[in-house]
Amino acid sequence: MVTINDYTSNYENQWCPGCGNFGILPAMKMAFVAQKLAPHELLLVSGIGQAGKTPHFLECNFIHALHGRALAVASGAKLANHNLNVVVNSGDGDCYGEGGNHFIHAIRRNLDLTLLVHNNQIYGLTKGQASPTTDKDMTTSIQSHGVSNRPFRPLAVALSLGAGFVARGFAGQKEQLAELIQAAMNYRGFSLIDILQPCVTFNHLNTFAWYKQRVVDVATLNHDARDFQSAMQLAMEWGERIPTGILYQHEEDDFTALNPWLQQGPMLQREYNANAINDYIDDLYRI
Amino acid sequence: MVTINDYTSNYENQWCPGCGNFGILPAMKMAFVAQKLAPHELLLVSGIGQAGKTPHFLECNFIHALHGRALAVASGAKLANHNLNVVVNSGDGDCYGEGGNHFIHAIRRNLDLTLLVHNNQIYGLTKGQASPTTDKDMTTSIQSHGVSNRPFRPLAVALSLGAGFVARGFAGQKEQLAELIQAAMNYRGFSLIDILQPCVTFNHLNTFAWYKQRVVDVATLNHDARDFQSAMQLAMEWGERIPTGILYQHEEDDFTALNPWLQQGPMLQREYNANAINDYIDDLYRI
Amino acid sequence: MAVDITVKIGGQAGQGIQTVGDLLCQTCRQAGYFFLAINDYESRVRGGHNFFQVRISDTPVLAPAQEVDLLVDLDGVTYTQHASELNDDAIVLCMPEQNPAGHRTLHIDFTGLAKEAGNKAAQNTVAAAACLALLGAGKELCSKVVSQLFGTEEEKIVTVNQKALQAGFERVAQSDLKGWNLTWKEQQPAGALFDGASALALGAVAAGCRVGAFYPMSPATGIMTHLVQLAEHFPLVVEQAEDEIAAVNMVIGANFAGCRALTATSGGGFSLMTEGIGLAATTETPLVLINAQRPGPATGLPTRTGQGDLLFTLHASQDEFPRFVLAPATVADCFYTIQRAFYLADTYQVPVMVLVDQYLVSTSMLVAEKLEINPAAIPASMPKPPAKPETYARFAFTENGISPRLFPCQSQALVKATGNEHTPDGHSSENRENRIAMVNKRLAKLPSMKQEQRPPLLHHEQADWLLVSWGSSYGMVYEAVGKLRSQGLDVGLAHLVDIWPLPQEPLQSLLSGSKWILVEQNATGQLGWMLRAELGVEPKSSILQYDGRPLEVARIVSETAAKIGG
Amino acid sequence: MAVDITVKIGGQAGQGIQTVGDLLCQTCRQAGYFFLAINDYESRVRGGHNFFQVRISDTPVLAPAQEVDLLVDLDGVTYTQHASELNDDAIVLCMPEQNPAGHRTLHIDFTGLAKEAGNKAAQNTVAAAACLALLGAGKELCSKVVSQLFGTEEEKIVTVNQKALQAGFERVAQSDLKGWNLTWKEQQPAGALFDGASALALGAVAAGCRVGAFYPMSPATGIMTHLVQLAEHFPLVVEQAEDEIAAVNMVIGANFAGCRALTATSGGGFSLMTEGIGLAATTETPLVLINAQRPGPATGLPTRTGQGDLLFTLHASQDEFPRFVLAPATVADCFYTIQRAFYLADTYQVPVMVLVDQYLVSTSMLVAEKLEINPAAIPASMPKPPAKPETYARFAFTENGISPRLFPCQSQALVKATGNEHTPDGHSSENRENRIAMVNKRLAKLPSMKQEQRPPLLHHEQADWLLVSWGSSYGMVYEAVGKLRSQGLDVGLAHLVDIWPLPQEPLQSLLSGSKWILVEQNATGQLGWMLRAELGVEPKSSILQYDGRPLEVARIVSETAAKIGG
Ligand SMILES: Cc1ncc(C[n+]2csc(CCOP(=O)(O)OP(=O)(O)O)c2C)c(N)n1
Ligand SMILES: Cc1ncc(C[n+]2csc(CCOP(=O)(O)OP(=O)(O)O)c2C)c(N)n1
Ligand code: SF4
Ligand code: SF4
Ligand SMILES: [Mg+2]
Ligand SMILES: [Mg+2]
């Protein structure tokens, strides 16, 4: 039986004490254990940033790739072997900033991946510049007169792109988050969980208390997760109330189901057939 | 007085006879003339593709930049001189594919730019691969079993990002398009016009006739362009009916208005002041 | 007498001159002739001036000729633009309103005859028929080829083209022009038709490539189009990425997961991939990347050819790591080189860059030799994980720098990798000694990598003068050497195909001993710079062509002769 | 006796050891001392082990020392990790529970005393006070500096830190340790405090830079942070882009529109900018780009230093075009080099890459010389458009390759530009002769570009042996040469600052005449490779450090001595 301990890493954790990521890490482990996945049955792919370090602090297969490119690497891994259980850890800068184009197109491509965005509304690892999700008017060392760019609403953008599983979690609510991760992993297709993750060092506006005051579970809101319009309305909300939970879920054939080339099984398992190649070449030499 | 002829280029047009771009070109000229802008008062910025060639076929200032990067170059030009009248010509591949990240963030940044996307739902210049807007199931030399990615809905994505001016035109309706371009140029902030542009060579599905049958002007739909929800609903529509016109318009301070550094005038006009620099340096050598 | 005839057909983009070429090439092939055909086109889809030029011979040809024997003008500007290339006794086929004074001429109303046959588009078949008739081909063979080529189209199209063929033949018969009396006996073809792109794609399949990811970019797109076609026959998934950055990272992900994977790009696309190359390098994930060069800088000349990326490819991506740079010499060599690329990438767990160019990928020719699978390049299955999976370290220090590579989720052993500097077990590390050891480990692969490298292709290497060249220009430089020697000049050839890492011998001895001339398709002599840096050798002179067009044999011959005072 | 004392303070990230450094440096400065301070930190925000090391002297210093005189251990591991660096008579300040056997030790309960003063965070001030007391500084001066440094904070914070200062002084007074008896008279400072980042930012302002665009990337971020601060005083807009591709293209757009603009990046960010460099090159738009090197490949060691990008920077982007590569030698030189970069970019309308590294941008020091605006680098106003605006051709052919540059919408003359190959008027062109002429036009700038280049910095260049180095390592190599000479070894220095284009003389004569040793911070000796390629010269040996840490003077000295048999 898989236990939480199987996921314990010996590698020294490098996050700041009190960081919201310490809520996400156990939720991940809880979800994996509940899924009965052993560490060697899981592949984590991450970008660069504090969020990107996550895989080091668990015990499992991982590739900690380039800033912004985790989804592309994860997509390639799934093309090669769509039986892999792939979970992606990214940050708000990593995923919506540098990696914005891959975010858009990964949703369109709809490979069976689970994306966890540790959204601390700040660039943590590079010490506190605004990210795409930083609230308007917040000041930083670079945005010295306050952020003027419109904040990026990841869930709304994902919905506008046709995403089939769109959710929000909060690092301060591990149990809910663990359940969301499980639901996302069970969902066949691309699933997004944007996770509110307080950065105790650089974001003094969106603190644990700030989030706690605002989060409401959509389960309490009489919202039907199959209702796109209502989901979009909730996804655009930000301020007094911040909806969490599964905002939208919709079943649809994923990339693999739609791809005739993948129908005979994962590419990794497809045998090399020298005869077939030789025959094909021979034919080219005939009339 | 500025006339259409002022915009006539001697450079040989390279588009295919019958191309939808031949509807966009005159609409642009009509709009510029109506705006009373002489060619030397206008800067066109474009990417690479058939759409990207547009500036060569007009007579004005231009920079025909890299594939996908037109918005970034245009943004830089506006930072340097926000008095410039900048119009960007991009393609569906250029803007929503390679340039997807700049599209997202240009909307967030809200510089006073007008973006015209020649959306022929195909990669024209590279000879017919699927673009982000290609309809599902269409086959091409690469998507030999039909496109499986979810189509990109540019207007919906722009709305989800908070865009303040979101419109759709059709190359087959020059007058409407010219008016849209004018409205977009008059709008203070980032404006998007996605233009349905038949590619007679590579897109045999979304033809002139196909679009003509489907386009309906939102003016006829009793739609209030200030109503976000209704705009979003129209923006997600694609099929039997394709709404054109201004789907959404909303007034808001643009980048320049929000940026204290730009308040004293365009950077290009700010004098070099050696004394101020020397004084500043002197201070550093004091205690 | 030996057959060596060059036919050039000029027309607008979208006019379909490729059809003329296909008809000519297929007929030649079925009559046992060799040929090599180049495509010259602009970065537009309709209009402008393009041409297709095929050289037909009874012995293998590896280079286009500069002199044209038979010119077909379908656009009204071909003759004017190419008159200077015509041989004295050349024949010009053109529309009635044209007047190519001073050349043997046959006026043909291509479109008129095509319309009579039922479709204006069949003008290409009229033109091809006239060419074939002038070359002495039998109508029966030609008619068979028409049926084969249009066989997948509707019945009506076949009929129209058969009529057009007939019309073309008749037009020639009516004239009193004397063409060429080649033998056109239907016989076993001397080989198969390939262009560089199809040879690369097929070679990738032969090497067990399972995943392709790319973003369209001339002239690399054709490689992926061919791969898509092969996916109908072999297990293979090809995905069009949202940009080149995604493409290279997808390929890294696929390789990391255990599948051989390929990407191909050019110019700006290659620039965008440079960061990914470094990720492959430091995670020691195999990566095969084809850079199909085109002239730059920036967008440059998107549909033309050049060799301007050599030094960039050698150093692309921040900091230092071992890599292979291979540059196939011929269309057939594309097939072999890409197989070796996969073998080398897997064996050394390093990025392998294959440098081709627009000329090589889009040149089609009869490849006489039978292409064979390279057994060494067949992918091995994953090595056995250690008995104690927890002892597995993806980046374990070894003498030759190569660590045991497992795939994630394929055993109990955990595979951990990062683009940060890392310890043997794949975790990020800031440790100083570890850093030094890891840099050394990666660079330790170089000596054995060098051992893998093919020596340059040598011809008459003891000659007084050597031409030194690389990659796709082989055919042209080789032919030039033959011509120079037949002029009595003692010239040989050293042609590089495996560029990096560069083994010192035999080049060191050869180039320090003799006088040599650099022949490259760039403006600054990049190979020369590299050879100076690596071997301390200095060319006497260089022949540099950077106009975006295929290297010209005649030019190499005349410039070499002038330089060596021949 | 000459003052030359090195203080090292080790602690965790987030513990604020920078405050200790600021207090020490500011006090030194106000007492007329020189200093140079390096920061060593990991890629994390809290925890781990960082240190700050300052060398204090009564004469200008350009390099950190390897031997430590006073070590402060704030994290419990500093002593263990750095014991080997201590001088025999060094003093260690550490927490009561530690036992640095064999060294003079002062136990200080840093946090306890800080808490007593009112705030745990003031432990840094306790530590700084103890250091200053041991160095013999007067409490009055120190107290003044504390007030200045914390002056912008609330009243309470100043009070707490003053108390902490008092506590630190008292702790030293209670002990019987004999420290150093430096003179600490308040006096006119010997200069201003800069690090490479602030010198680069200020230099950009001095050159009239009006736009900055960047994406955060260590170690380049600091340059932009300083630029943002300068934007409070000077007309300047700094925009954080969505990625590095946007950043470089924004800067190109801004320059095209007529404003001087700057971007700075590192590693993968530089890789992503390579395509844009080509756009600047072919549209002949000035571009100034700072590449602040860090070790790779890929993410590598994000907060550490190296010189691994030289060859990549020389060849980055497809195909060929002229560019400048400049590598400032010192913090002050950063100020001058970036001004020249803007001057050169505008004058030659080419990309200028400034190669610095983490060591240089984050090293802070007292710059004695007064930094002066370079009058040549003050931006000129737009040239007068031609009387007949319609005759204007942005890319007109000229003898020196430089065409008249106008800005769009600033006159009746239309400015047209494209990343495709183009005719003089800026329209795309496929024409062969035009292509050759345009390549030649661009490359024609090289001879005059070479004339602009500064010769290498030379010291004792007639010596038996020369060290050859480049960029940020100047201070270290210079000091090493001094030490070697004082050991009686005839060693000189040729240090390159203007790397590309490389004028042949004086290097050619110097390096072919004498024996020389390459000193670089990379593993393959990239400068050596370039010098071989350019000048045909060969080093006798090399000293290569690639551990991500600043080059060590002691190591250069010992290795050089060993190599030359001294
Ligand atoms: C190409 C590239 N650009 C920039 C960086 C520098 N960088 C590292 S992490 C980071 C941002 C991190 O922010 P986010 O993704 O929100 O993650 P967080 O640290 O907040 O979890 C940046 C810009 C990089 N490593 N690579
Ligand atoms: C970095 C880069 N990648 C790829 C290309 C090749 N390319 C040129 S145009 C184009 C796509 C054009 O499609 P779209 O933007 O829809 O324009 P259209 O031709 O349809 O107007 C591509 C992929 C390029 N020039 N640069
Ligand atoms: S900087 Fe912020 S996000 Fe990063 S580890 Fe610290 S608290 Fe967490
Ligand atoms: S290929 Fe299509 S988009 Fe391009 S010019 Fe032709 S018709 Fe227009
Ligand atoms: Mg973040
Ligand atoms: Mg398109």
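Numbers restart at 1 for each chain; the letters A, B, ... are given by sequence-line order, proteins then strands. The figures here come from the full heavy-atom set of this structure, side chains too, leaving out hydrogens, waters and symmetry mates.
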Enquirer: Please examine the side chains of D/Ser271 and C/Met273, heavy atoms only from C-beta on, and report whether any two atoms are closer than 4.5 Å.
Expert: no

Enquirer: Once rounded to the nearest 0.5 Å, what's the spacing between atom OG of C/Ser317 and atom CG of D/Asp309?
Expert: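 So the OG of C/Ser317 and the CG of D/Asp309 are separated by 8.5 Å.
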
Enquirer: For chain C, find which of D/Gln526, D/Arg294, D/Met438, D/Glu538 contributes the most heavy-atom pairs closer than 4.5 angstrom.
Expert: D/Gln526

Enquirer: With a 4.5 angstrom heavy-atom cut-off, could you sort out which part of C/Ile245 is near chain D: side chain, backbone, both or neither?
Expert: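 Side chain of C/Ile245 only, per the 4.5 Å heavy-atom cut-off to chain D.
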
Enquirer: Can you confirm whether the side chains of C/Gln318 and D/Gln293 place a donor and an acceptor under 3.5 Å from each other?
Expert: no

Enquirer: Between C/Ile277 and chain D, with a heavy-atom cut-off of 4.5 Å, which part of the residue counts as in contact: side chain, backbone, both or neither?
Expert: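 Neither part.
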
Enquirer: Quick check for you: among D/Gly278, D/Gly308, D/Ala533, which has the greatest number of heavy-atom pairs under 4.5 Å with chain C?
Expert: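 That would be D/Ala533.
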
Enquirer: Flag the one option from D/Gly300, D/Pro302, D/Gly306 with the top tally of heavy-atom pairs under 4.5 Å to chain C.
Expert: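 Counting heavy-atom pairs under 4.5 Å, the top option is D/Gly300.
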
Enquirer: Heavy-atom distances under 4.5 Å only: say whether C/Leu311 touches chain D with side chain, backbone, both or neither.
Expert: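 Contact with chain D involves both backbone and side-chain atoms of C/Leu311.
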
Enquirer: Heavy-atom cut-off 4.5 Å, strictly under: side chain, backbone, both or neither for C/Arg549 against chain D?
Expert: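 C/Arg549 touches chain D through side-chain heavy atoms alone.
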
Enquirer: Answer with side chain, backbone, both or neither: which region of D/Leu314 has an atom nearer than 4.5 Å to a non-hydrogen atom of chain C?
Expert: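 Looking at D/Leu314, just its side chain touches chain C.
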
Enquirer: Do you know which of D/Leu310, D/Val439, D/Thr313 has the most heavy-atom pairs with chain C at a distance under 4.5 angstrom?
Expert: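 Max contact count across the listed options: D/Val439.
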
Enquirer: Measuring from atom CG of D/Asp547 to atom CG of C/Asn434, what distance do you get when rounded to the nearest 0.5 angstrom?
Expert: 12.0 Å

Enquirer: Is the side chain of D/Thr282 donor-acceptor paired with the backbone N or O of C/Ala298 at a distance under 3.5 Å, no angle test?
Expert: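 Not a single qualifying donor-acceptor pair exists.
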
Enquirer: For C/Phe270, is it the side chain, the backbone, both or neither that has a heavy atom under 4.5 Å from a heavy atom of chain D?
Expert: neither

Enquirer: Could you tell me the separation between the OG atom of C/Ser428 and the CD atom of D/Glu42, rounded to the nearest 0.5 Å?
Expert: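 The OG atom of C/Ser428 sits 11.0 Å away from the CD atom of D/Glu42.
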
Enquirer: Please tell me if the side chains of D/Thr299 and C/Thr418 come closer than 4.5 Å, counting only heavy atoms from C-beta onward.
Expert: no

Enquirer: Sequence neighbours excluded, which residues qualify as salt bridge (Lys or Arg N to Asp or Glu O under 4.0 Å) partners of C/Asp75?
Expert: none

Enquirer: With rounding to the nearest 0.5 angstrom, report the CG to NE2 distance, C/Leu301 to D/His422.
Expert: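 That separation rounds to 10.5 Å.
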
Enquirer: Between C/Met530 and chain D, with a heavy-atom cut-off of 4.5 Å, which part of the residue counts as in contact: side chain, backbone, both or neither?
Expert: both

Enquirer: With under 30° as parallel and over 60° as perpendicular, where do the rings of C/His315 and D/His315 fit, or are they tilted in between?
Expert: parallel

Enquirer: By a 4.5 Å heavy-atom criterion (distance strictly below it), what part of D/Ser429 contacts chain C: side chain, backbone, both, or neither?
Expert: backbone

Enquirer: Name the option with the most non-hydrogen atom pairs under 4.5 Å to chain D; the candidates are C/Ser43, C/Gly276, C/Gly548, C/Gly419.
Expert: C/Gly419

Enquirer: About how many Å separate CG of D/Asp319 and CD of C/Gln307, when rounded to the nearest 0.5 Å?
Expert: 11.0 Å

Enquirer: Name the option with the most non-hydrogen atom pairs under 4.5 Å to chain D; the candidates are C/Gly528, C/Ala316, C/Gly536.
Expert: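 The answer is C/Ala316.
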
Enquirer: Pick one: which of C/Glu430, C/Arg435, C/Arg432 meets side-chain contact (heavy atoms from CB on, under 4.5 Å) with D/Arg304?
Expert: C/Glu430

Enquirer: Rounded at 0.5 Å granularity, tell me how far CG in C/Asn440 sits from OH in D/Tyr546.
Expert: 3.5 Å

